[in-house]
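These notes concern the structure reproduced below.
Source: prediction; values computed, not measured. Labels below follow one simple rule: chain letters A, B, ... track the order of the sequence lines, proteins then strands, and each chain is numbered from 1. Values reported hereafter were calculated over all heavy atoms of this structure, with side chains retained and with hydrogens, waters and symmetry mates removed.
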2 protein chains.
Amino acid sequence: MASLKDNSAERQEKKEILRRYIEEKGLKSTVQRDLITDTFLKAKTHLSLEELLREVRKKNPRIGYATVYRTMKLLTECGIAVERNFGDGQTRYEPIPESHHDHLICTGCGKILEFEDERIERLQYEVARERNFKVKSHKLELYGLCLECQKKEKRT
Amino acid sequence: MASLKDNSAERQEKKEILRRYIEEKGLKSTVQRDLITDTFLKAKTHLSLEELLREVRKKNPRIGYATVYRTMKLLTECGIAVERNFGDGQTRYEPIPESHHDHLICTGCGKILEFEDERIERLQYEVARERNFKVKSHKLELYGLCLECQKKEKRT
DNA sequence: TAGATCTTGATTTCGATTCTCACTTTTGAT
DNA sequence: ATCAAAAGTGAGAATCGAAATCAAGATCTA
Ligand SMILES: [Mn+2]
Ligand SMILES: [Mn+2]
Ligand SMILES: [Zn+2]
Ligand SMILES: [Zn+2]
């Protein structure tokens, strides 16, 4: 019974992290930040700012887009969100995952699949070590077509 | 005696590819295109447009930067250059290599090392296959510090 | 050499993101 | 509750890399 994807506990944890960060830094909590944070944590992941703003404005149409930019930067700073750039010229955000993962991106429909492969991770570090490189982060993205888009392509 | 890095033969091949492409498409060859292409093929690799333009203008200060953008797009189209994006907000270009490679990027000094690892490549395709994904391209970048920058860091 | 076609370079436009600033909200102290 | 200091907001301007526009120039072919 462990996977009904009820992430409300996780959401609470993340909001708590933000609360502490705001307190530490002498920042202020605002209705805008609360709304944006909630919307972000509940929404589908890998959201662009435009998508997030649209979602947020359903609840409060007066939110300015600068505020969404600023809030996402804040969430990234305090470590509950991660920025992603999949080469379409728009930064996307996802809630920071428990463990690292990489991405398969369908260039047909934009679908994004996540994967984790310990063997690849190990080999990356091996390659870096051989070159005296100290890896801080990495980016592995596979671009291609998902099954549905492969079928669509054949029909053409 | 196989590695004096005299790539003039390679350069000629690439220029020949461009010549054919220009002919096929009914384009015209111009002094600007020749100069930009030569400069690009001779320069250090992973050049940003700004860097390339600077180099080009040493020979001909009247070259406009739109021409450099257009020419690099052309070289990419005809398959003698590849675009790279290492997350610093500037597209970089390198002459298309004989075989695929990935990159280690030093976030300290900007140095870029290239590597090839057949094992990683294989695993990537395995991961994709398991998910019914047809990979068209991929991007693997390791960000971190080169040895020199690690030393500099310690001194701080 | 003419003339159709393509190319150029200066400039404008674009789209994503950041900045600016007058006005508002939060917060902690009275 | 009231106040003042500090931080946050939203609208619009500024920025930056890249792409589009367009009048003037170069190329190529018949
Ligand atoms: Mn993800
Ligand atoms: Mn390279
Ligand atoms: Zn798809
Ligand atoms: Zn370095």
Side-chain angles (χ1 to χ4, degrees), chain A residues 15 18-40 46-54 56-78 81-93 110, chain B residues 18-40 46-78 81-93 110:
Chain A
K15 283 159 80 173
L18 175 60
R19 194 165 298 123
R20 277 197 298 266
Y21 188 83
I22 283 181
E23 195 184 326
E24 269 177 27
K25 299 276 179 176
L27 307 180
K28 288 171 180 170
S29 88
T30 67
V31 293
Q32 290 91 336
R33 282 177 178 166
D34 286 351
L35 173 57
I36 294 167
T37 305
D38 271 331
T39 307
F40 166 66
H46 308 118
L47 235 55
S48 71
L49 249 127
E50 201 187 14
E51 292 164 338
L52 180 56
L53 179 60
R54 198 179 312 134
V56 163
R57 281 188 170 162
K58 285 182 188 169
K59 296 269 184 176
N60 179 347
R62 319 186 34 120
I63 303 280
Y65 73 89
T67 303
V68 180
Y69 272 100
R70 287 185 288 231
T71 301
M72 290 317 296
K73 213 167 84 174
L74 176 64
L75 299 194
T76 303
E77 257 173 54
C78 81
V82 199
E83 286 188 23
R84 304 285 189 194
N85 270 99
F86 297 135
D88 64 349
Q90 290 200 252
T91 302
R92 294 172 179 281
Y93 291 90
Chain B
L18 175 60
R19 194 164 300 122
R20 278 196 298 265
Y21 188 83
I22 284 180
E23 195 185 326
E24 269 175 29
K25 299 276 180 179
L27 308 179
K28 288 171 181 169
S29 90
T30 68
V31 294
Q32 289 90 338
R33 282 177 178 165
D34 286 351
L35 173 57
I36 293 168
T37 305
D38 271 331
T39 307
F40 167 66
H46 308 119
L47 235 57
S48 70
L49 250 128
E50 201 189 329
E51 293 164 338
L52 180 56
L53 179 59
R54 197 179 314 132
E55 214 50 46
V56 163
R57 281 188 169 161
K58 286 181 187 168
K59 297 269 184 174
N60 180 346
R62 317 188 34 122
I63 302 281
Y65 78 98
T67 303
V68 181
Y69 272 100
R70 287 185 289 230
T71 301
M72 291 317 295
K73 214 168 84 176
L74 176 64
L75 300 194
T76 303
E77 256 173 54
C78 81
V82 200
E83 286 187 24
R84 303 286 190 193
N85 271 99
F86 297 134
D88 63 349
Q90 291 200 252
T91 302
R92 293 172 179 280
Y93 291 89

### Task
Can you measure from CD (B:Gln90) to CD (B:Glu50) and round to the nearest 0.5 angstrom?
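Taking CD in B:Gln90 and CD in B:Glu50, the distance rounds to 5.5 Å.
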### Message
Does atom CD (A:Glu23) have a neighbourhood of more than 12 heavy atoms from anything else shown, all under 6.0 Å?
### Response
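For A:Glu23, atom CD is not crowded (no more than 12 foreign heavy atoms under 6.0 Å).
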### Query
Does the side chain of B:Arg33 reach to within under 4.5 Å of the side chain of B:Leu27, using non-hydrogen atoms?
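Touching, per the 4.5 Å side-chain cut-off.
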For the pair made of [atom1] in [X] and [atom2] in [N], what is the distance, rounded to whole Å?
X	N	atom1	atom2	answer
B:Lys28	D:dT29	NZ	C1'	9 Å
A:Leu53	C:dT18	CG	C1'	16 Å
A:Asn60	C:dT25	CG	P	12 Å
A:Arg33	C:dT24	CZ	P	19 Å
A:Arg62	D:dA11	CZ	P	7 Å
A:Leu35	C:dT25	CG	C1'	16 Å
A:Asp34	C:dT25	CG	P	15 Å
A:Gln32	C:dT26	CD	C1'	11 Å

### Task
With a 4.0 Å heavy-atom cut-off, tell me which residues in residues 19-27 of chain A come close to DNA chain D, sorted by residue number.
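Nucleic-acid contacts, sorted: A:Gly26, A:Leu27.
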### Task
Starting from the 5' end of DNA chain D, give me the residue, A:Thr71 or B:Thr30, whose nearest nucleotide shows up first.
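Going by which nucleotide is closer to the 5' end, it is A:Thr71.
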Heavy atoms only: give me the nearest [X]-[Y] pair and the separation to one decimal.
X	Y	result
B:Glu51	B:Leu47	OE1-CA, 3.4 Å
A:Gly64	A:Arg57	CA-NH2, 3.9 Å
B:Phe40	B:Leu75	CD2-CD1, 3.8 Å
A:Lys59	A:Leu35	CB-CD1, 3.8 Å

### Task
Run through A:Leu18, A:Ile36, A:Thr37 and flag the one making a side chain to side chain contact (heavy atoms under 4.5 Å, CB included) with A:Leu74.
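Of the listed options, the one satisfying the test is A:Leu18.
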### Query
Counting side-chain heavy atoms from C-beta on, which of D:dA26, C:dT8, C:dT26 comes nearest to B:Thr67?
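From the listed options, C:dT8 comes nearest.
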### Query
When you measure from the side chain of A:Ser29, which nucleotide among C:dT27, D:dT9, D:dA26 comes out closest?
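Output: C:dT27.
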### Task
Quick one: which residue pairs count as a side chain to side chain donor-acceptor pair (under 3.5 Å) with a foot in residues 61-71 of chain A, not counting sequence neighbours?
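The answer is none; no pair qualifies.
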What are the atom names and distances for every N/O pair under 3.5 Å that joins the protein to nucleotides 13-20 of chain D?
{"from": "D:dA13", "atom 1": "N6", "to": "A:Tyr65", "atom 2": "OH", "distance (Å)": "3.1"}
{"from": "D:dA18", "atom 1": "OP1", "to": "B:Thr91", "atom 2": "N", "distance (Å)": "3.0"}
{"from": "D:dA18", "atom 1": "OP1", "to": "B:Thr91", "atom 2": "OG1", "distance (Å)": "2.7"}
{"from": "D:dA18", "atom 1": "OP2", "to": "B:Tyr69", "atom 2": "OH", "distance (Å)": "2.7"}
{"from": "D:dA19", "atom 1": "N6", "to": "B:Tyr65", "atom 2": "OH", "distance (Å)": "3.4"}

